[in-house]
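In what follows, chains are A, B, ... by sequence order, proteins preceding strands, each numbered from 1.
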Amino acid sequence: MTRFNPLTADSAWQRVWDDRQTFAARDDSGKPQSYVLEMFPYPSGRIHMGHVRNYTMGDVLARFRRMRGYEVLHPMGWDAFGMPAENAAMEKGVHPGNWTRQNIATMKAQLKRLGFALDWSRELATCEPDYYGHEQALFLDMVASGLVYRKESAVNWDPVDMTVLANEQVIDGRGWRSGALVEKRKLNQWFLKITDFADELIEGLGKLEHWPDKVKLMQENWIGKSQGLTFGFRVSNGETIDVFSTRPDTIFGASFVAVAADHPIAQALAGDPAVAAFIARCKQGGTTAAELETQEKLGFDTGLTAAHPFDAERQLPVYIANFVLMDYGTGAVMGVPAHDQRDLDFARKYGLAVQRVVSDGDQTDAVFAGDEAYTGPGALVNSHFLDGMDVEDAKRAVITRAEDGGWGKGSTVYRLRDWGVSRQRYWGTPIPIVHCEDCGVVPVPKDQLPVVLPEDVSFAIPGNPLDRHPTWKHVDCPACGKPAVRETDTLDTFADSSWYFIRFASQPKDRPFDRAVAESWLPVGQYIGGVEHAILHLLYARFWTRALKHMGQLDIAEPFTGLFTQGMVTHETYKSSDGRWLSPDDISDGIETATGQPVTIGRVEKMSKSKKNTVDPEPIVDRYGADATRWFMLSDSPPERDLPWSESGIEGAWRFVQRLWRLFDGEGIAPGEGGDVALDRKLHQTILAIEQDIEALAFNKAVARIYELCTAIERAVPSPSRGNAIYTLMLLVAPMVPHVAEEAWAAKGFDGLIADAAWPEVDPALLVEDEVTIAVQVNGKLRDTLTLPKDMPREEIEAAALASDKIVRILEGRPPKKVIVVPGRLVNLVA
RNA sequence: GCGGACGUGGCGAAAUCGGUAGACGCAGCCGACUUAAAAUCGGCUUCCCCUGGAGUGCGGGUUCGAGUCCCGCCGUCCGCACCA
């Protein structure tokens, strides 16, 4: 009896797959195509357990589909631009490019050791000119199609690091690295017109049947479509304030108009020191969730009034208010306190009228009491021509009047903003634009692409190295030839990940992709990754794909027809007696090794460096091999839920791999059948179940099925059925534990690679049992079980149930009032 | 505050349509093999007042029958957040 030794077998089979290009996808094989993709990693340095779980899931599906006769595209690459490389440059003095490429080399070697069935011939890294150059070409196409514009826009500016910060990098108003107070600064920034596609992006969600509802809902909320009326108030100073309202039906309940601090009306009054002081106060408010929660509604009465559109006599006070946002809707609102909580809080504070215009059942009084706004349905009251209508009819009626009167228009407003893609950073795709004093903004001609990042940059001083590079930005204007300067901003790295799945499908040298080839592979049938990308990455990729369709470059509307968001890998946490986080390595038998003090076991949490509860995959693979590691990733927890890492779990997986090997190492293993119908049945039921489980990505269930089959085989006496079951078992586990399967396949002398072997066929005749266990209940309580022939008629089942000793005893001779027979399942006797 | 998901043994979980709750794994216990250990194999393992009874967060309801459907609570987690 031998043991399976992953130390030698893993690398040997990995080399064979590599040498034979086993997993290279052919564009022209004529087989049905299947595109399986996991979100490509950021090359942070080393792979973590989350990667292992993510890529194992995709790998099982890819290998399974290959065995089922598909030409499978399963590629891998690197989301290689981004801040961590620049941070490393600043902290360690390394070049971001060297740091990134070194990390890629390390992580690629680590991934290879897990034996993933990846097509490495299509590997790409977004930081290389042969990727980002094509991205620049696509950007220019978008410029030409009017999908790009430049606008002055406020950004978070860190005056110490001299860089723009994303909102997440501003903590309590300070830069996350420098700790400096962040300033709002206006910069000219490039924007992509994602809002042009807002409607399509919402509608498209409806067709994505194989996306989690949760993700679709998150995207829908993010886009945030609201329908209502945009209309103008005539103001006492002669100007007009446009407001947007989703509740035009409540217009007769309006008691004030409020504008944002940045609104032109407010700005025009800023000469008054009191107004200026109030505006300043509005701006200094914090932006954290907790602050917003507790922040008081503040208003400043401008003294101006606005005429009610239906009754010019009625003049509403105009306030500047801190809760009105300049960048949503028109930056001004009408306040209807009775039917909007925020307006009610404001009105009560400033003593404004609160008039009911929607009846809440029996409440019709014009005077609205209480501190809770009524936002439900009802009939309109105190509203002239609207009285008696329901809310929806009244909305339509007001919009019609506004449009007929020319003072307003039915409109749709989105929460989604255009995508600001400018980043004042070095390690990203250079925006291919030249600024010329005479010609203005000039796109770099495509034959001058790629605009390559200079390698000789310094991070010794803060700021954007591209901007202070001695020569890089100085070029001749492509239009007039006069000296000009390059755009020194780079693209948001989300641009890089918005089309990489297209480049994987087709990568000609001279253009971003070949349309026909890309269309043959796309859309991605199964995309797998973390929920953290539910909104931004997935929305940008959907937008980018639609933009390409809009420009006539690719006839694909949705990039990913199937999406799966996997759970995290978690681990117990440990704390020392004085409250420090401890790593599992610091502990033995509940005692901190260094101090001898007892350790507290904390919650099971996501693996993170700060909590010291990470487990590095590499030593695990060293010790247990790729297959045990993969098997553990697939076992126990449903893939969408968190997977708690445990030492005993990986030990169990290791034991199972050896258990498989013991079966594979036996005698008489060959295709065939006969001698043990029960085992034949179990086998075919298992094949079918595993097919269904893998397609549904329910790996934990497939794993349980395999265990059951193993037990059944171990208990069976030798027969052709048993040999066949073991032979088939090899094929069934091959997608999950490919190394031990490949090793056994070769050891038993079967042809070729098991990776190329065909998935076993299910024999439908063997799926049905000829005997079934019937539950016998009395009043719904289980009292007995009977083993009966499968096709027994109802009357006979009923008779068998009534004849049971236990049932006879319970019924005590009284006939049941009612008998329910569910063939194949149960008999329920109602006594 | 708004939106959503989830709640089943000591733990991870399973239960396709409303039909035998707890498959499978982990941990634990007992036994076999062994000089011994490891490995392996066999058995047990929801709880209790144990010939029976209770049980899927809590309280109701529908049904012959509810983990599953309905109503009302409680709890945990996630997303968004002054969105007019």
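- Of the candidates B:rA14, B:rA81, B:rC24, B:rA14 carries the atom nearest the A:Pro638 side chain, counting heavy atoms from C-beta on.
- You'll find that the side chain of A:Glu708 is closest to B:rC24, out of B:rC24, B:rU20, B:rG52.
- In this entry the distance linking CZ of A:Arg705 with P of B:rG25 reads 13 Å, nearest Å.
- For the residue pair A:Arg659/A:Thr711, the side-chain donor-acceptor check at 3.5 Å is satisfied.
- The aromatic rings of A:His339 and A:Tyr374 sit perpendicular to each other, their planes meeting at more than 60°, with 30° as the lower class boundary.
- Ranking B:rC64, B:rC26, B:rA13 by closeness to the A:Arg641 side chain, first place goes to B:rA13.
- A:Trp407 has its ring centre less than 6.0 Å from the ring centre of A:Phe310.
- For B:rG61, the base is anti relative to its sugar; the glycosidic angle deviates from 0 by more than 90°.
- Here the side chain of A:Arg3 is nearest to one of B:rC41, B:rA39, B:rU20, namely B:rA39.
- Applying the 3.5 Å distance criterion, the base of B:rC82 shares a donor-acceptor pair with the side chain of A:Lys297.
- The interatomic distance linking A:Ile797 (CD1) with B:rC64 (P) rounds to 21 Å, in whole Å.
- A:Tyr319 has its ring centre less than 6.0 Å from the ring centre of A:Tyr350.
- A glycosidic torsion no more than 90° from 0 defines the syn conformation, and B:rC17 adopts it.
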